Amino acid sequence: MFSNRWRFGWDRYTEVDLFTDHNDTNAETLSQAIRAASEEPDADGSVLFGHLQGTVVGLRYYTGVVNSGEMVGLVRQPQNPYDRNAVMVANIYGNQVGHIKKELAAAMAYVMDNKLAKVEGVVHSGTKNKFTMPVMLSFWGKEEKKNTVIEMMARRGYKLNTGGIGQAGSNQSHSSQGARALSLKKGVTIPLTAEELKNAFDNLFEGLMESKDGEKEAAKSVGTPLLPHQKKALSWMCARENKSGLPPFWEKRGELYYNTLTCFSAKEIPERVRGGILADDMGLGKTLTTIALILTNFHNGKPLPVETCEGQSSPLKARTKKQMPPKLEGDGAGVSSRAAASLRTDIPQAEVTCAHTPDESEKSISKGKIKAIKRKPSKDAPGFQEDLDFAAALGGLISDTGFKKKKTSKKATPTLSSDPSIPESAEDLKARATLIICPLSVLSNWLDQFEQHVSANVKLNVYLYYGSDRNRSTKFLSSQDVVITTYNILSSDNGDKSPLHVVNWLRVVLDEGHIIRNPDTLMSKAVLRFKAQRRWILSGTPIQNSVKDLWMLLAFLHLKPFDVREWWNRVIQRPVTQGNKEGLQNLQTLVKCITLRRTKNSEVNGRPLVSLPEKTVCVEKVELSQAEREEYELARNEGRNTIGRYVAEGTVLSNYAHVLAILMRLRQLCCHPDLLAKTSTDLGAAATPAELRERLIEKLRMVLASGSDEECSVCLESVRLPVITHCAHVYCRPCIAQVISTEKETARCPLCRSEIKTSELVEFPQEEMGEENGTNSEKWRTSSKVQALMANLLRLRSEDNRIKCLVVSQFTRFLTILETPLREHGFSYVRLDGTMSLKKRTQVIQEFQSSADSSPVIMLLSLKAGGVGLNLTAASHVFLMDPAWNPATEEQCIDRCHRLGQKRKVCVTKFIVKDSVEENMVKIQKKKQDLLEKAFGSTNTDRKASRISDIKALMEL
DNA sequence: ACCGCCGGGTGCC
DNA sequence: ACCGCCGGGTGCC
């Protein structure tokens, strides 16, 4: 007993009180410790140094058991009072198995503490031993540390076996790694080619849906009929939430649950992953499907009980609250109201917070207790009938819900094939609310979609947890049907005191879940701490860069044992990145089990998943006018000379900013001459003082003409008597004059800290002063591209004056220029760009999507405004005013209108100026698509080289 | 007997 | 632990 207190007596867990019922708390604390101890940010590039046979001692003091071939974790215990070199051995669940024998531990401690190597263990034999057992240790690390480690161990009498060793009974990945190590010197493995890996990843998420999945009708409260593929998704999601199938790589062997990858087994059923990854392409209706899931799948497969406006008038909550004696909260016996579920959310705050979550109780159960419970014949369990009663009370039916107490479900031994429903305890049944976390940019979309898809007569409590005055009451939040918040709120609301971490959620949904792929961010850490029964990730792109992106997602889903980084690294990530085919297969199996992905082009039974209206894309070549052509050629020749010189000197990359500025200038000239001279980078390229002055004036004119109320950064009011500095910032003349007179020679621009002088302030020439607030139509000039657009718009209007168009440009300033002719021709328009507040954005989108007569017919859209998920299906025509570097950006933009819900054919027009940088950009776009595909694993130098060749191609050098 | 041998007590780090 | 180690009991064969 005395020694037990030291089981966790190391590192930051020293103060844990282990005298009180230590058996109940150890597992969770230990796995936390292991998790913390094995924070290995990047196991990539590790090579195998060698193997070593070691001994685990002290088996009889610990409860952790291992199977033949099982992987074990090795954790340093620097605070161990008997030996500060102690190395603990633990199994996958964090149960301690024993210690490494002290002489070996002393040698290992040095290696481990100095991060010279990562040591991993596999037990092949002696698993039934009472006192000691052999363990095969492998040492992994950076190539350059290899010899140090080998020498270090040798000095202490431990010779690392650097050849492959036939490890009888070793698990698959290890034996194959051993074989590889044998066949190759220096432990370097032959990876799959970048191509193969890339293909593998592509296929990782393809064809994940078997057609056997049925369709499920949504609850009545879902107002929008689901499309067939959405019903399939709903059916799949409900099944993932309700069925108790084991997580991938777990199987039942006799009385035990066995993990086929790590060879770990336990009496307890592994935590089931109730949820998964819905990775459908954007536009297939992930949001709608999720809303349908919320309404359709409450407890025991029943719909969410909701208040309706018709029928019974008295609100269910009010009625049932009185019927429910508080003392029954615990087991729910005797509840007879159909609406018990809605009532359960109204329990006092204290009860919620004090109650053990199912999560905690299941992990904190000691082996001894489990045994005790398990030995009880299930039919004698006193709680069984009560739970049935409760289930009946809730759902009006006796389901096959089995007795479940503290997770040790030992109802009639569930067989793998039958997939019985997951039994829920009374504790589980209290959870009501679904928490949705999304990026700010799609927040309004969620609200809209709830508005749109929930039947009008249903009152769903949706709370937006956002803004400084958000309601932080956990009781309040628990009682909602849905709580929506953003990732930013999550990271700022992070601490333990955040109510989001106190509420016992029914379900947590991460929209655009790939956002949490970096485990080091605050929000990723926050996301792991939710108490929730079911967890979902919605993401069109679950893998963005590499396998590593998946770990955080699996950790969020509590997919055992991969929620602990070490097991993920050992079993999946390292084998895969080293090109091990088995590792890749395992990864594929894993992903397949928990993911549903369809694309717009997916087919089911030979028929397309969704039939979107046709989309046509045409390129309209624009001829520059003679004046424009002259100006363009001038700039082009100048740019060519400059860039040509950089190319000759080999300094393209060090002058990259300037090169981009030159290209930018040309691209802008293709659109409209007035786009020039608007940023200080452009100004840097101006040759003469006269030219500079001209451009500054131009810039000033643009600022003032843009209609936005330009603010003076000194007085914080609208600028009066505007002047512009050489660094292209605009102030009131009196304000900036005062700054300069105060600071004298050392005066600096308040915005960018460039030096400023009174003599260098530029103001409007006298004759233009009067016009700045006027219609400025006299100063406004057209361009060939503007005319091309207007011709199209006017033609369309004459065909059908309700046709709506998106007019897209990368240059918000171009959008501003376009406003003038739109106004002149009487087009009603709205504008959406990245600078707008959420509120304004929402309003603009609503206005545009509205079918009212007064609704605007044109949206001026900046290419990158908003993110994925933006729904602009009211438009059926898209005008892309200028080509983007990345064709995917254009595609994404087009998809905002060519997506589910689009009723008309979509017509896309790309304006490209003939004989210009734009034409070359289009050529490069095509090449880029290939490049991007090959970029997988390509080196930095490759990319740089391609960058340079891009530029040469653009300038026709 | 300043040894060897026997057998009981004992046991991770 | 069906070991090794420790230390007390014992002492020809």
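Bear in mind that the values here come from a model prediction, so they are computed numbers and not experimental data. So you know, we letter chains A, B, ... as the sequences are listed, proteins then strands, and number each from 1.
- Under the 90° criterion around 0 for the glycosidic angle, C/dA1 counts as anti.
- In this structure, A/Y110 places its OH atom where only 12 or fewer heavy-atom neighbours from other residues, nucleotides or ligands lie under 6.0 Å away.
- With a 6.0 Å cutoff to the six-membered ring centre and a 45° limit on the axis angle, A/R565 counts as a cation-pi contact of A/W551.
- Spacing between C/dG8 and C/dG4 at atom P, rounded to whole Å, works out to 23 Å.
- Here the CD-CD1 distance, from A/Q588 to A/I572, works out to 10.5 Å after rounding to the nearest 0.5 Å.
- Distance, A/Q96 CD to B/dC12 P: 13 Å, rounded to whole Å.
- The gap from the P atom of C/dT10 to that of C/dC6 amounts to 22 Å, rounded to the nearest Å.
- Distance check on atom C1': C/dC12 versus B/dC3 gives 15 Å, rounded to whole Å.
- Within 3.5 Å, a donor on the side chain of A/N80 pairs with an acceptor on the base of B/dC13, or the reverse.
- The closest donor-acceptor contact from the side chain of A/R240 to the backbone of A/C593 lies under 3.5 Å.
- Evaluated for a side-chain contact (heavy atoms from CB on, under 4.5 Å) with A/V66, the options A/N91, A/T262, A/V135 yield exactly one hit, A/N91.
- With rounding to whole Å, A/L59 atom CG is found 13 Å from B/dG11 atom C1'.
- With sequence neighbours excluded, the residues that form a side-chain hydrogen bond (donor to acceptor under 3.5 Å, both in side chains) with A/S524 are A/T521.
- Distance CZ (A/R60) to P (C/dA1): 12 Å, rounded to an integer number of Å.
- Across every strand in view, B/dC13 sits unpaired, with no contact that passes the Watson-Crick or G-U test at under 3.5 angstrom.
- The existence of a salt bridge linking A/K560 and A/E268 is excluded, since no basic side-chain nitrogen approaches an acidic carboxylate oxygen closer than 4.0 Å.
- The aromatic ring of A/F131 does not stack onto the base of B/dG11, failing the criterion of a centre distance under 5.5 Å from the six-membered base ring together with planes under 30° apart.
- In the set B/dC13, C/dA1, B/dG11, the nucleotide with an atom closest to the side chain of A/Y61 is B/dG11.
- Near DNA chain B, meaning a heavy atom under 4.0 Å away, the residues from residues 99-112 of chain A are A/H99, A/I100, A/K101, A/K102.
- Under the stacking definition used here (centres under 5.5 Å, planes under 30°), the residue A/Y82 fails to qualify as stacked on the base of B/dC12.
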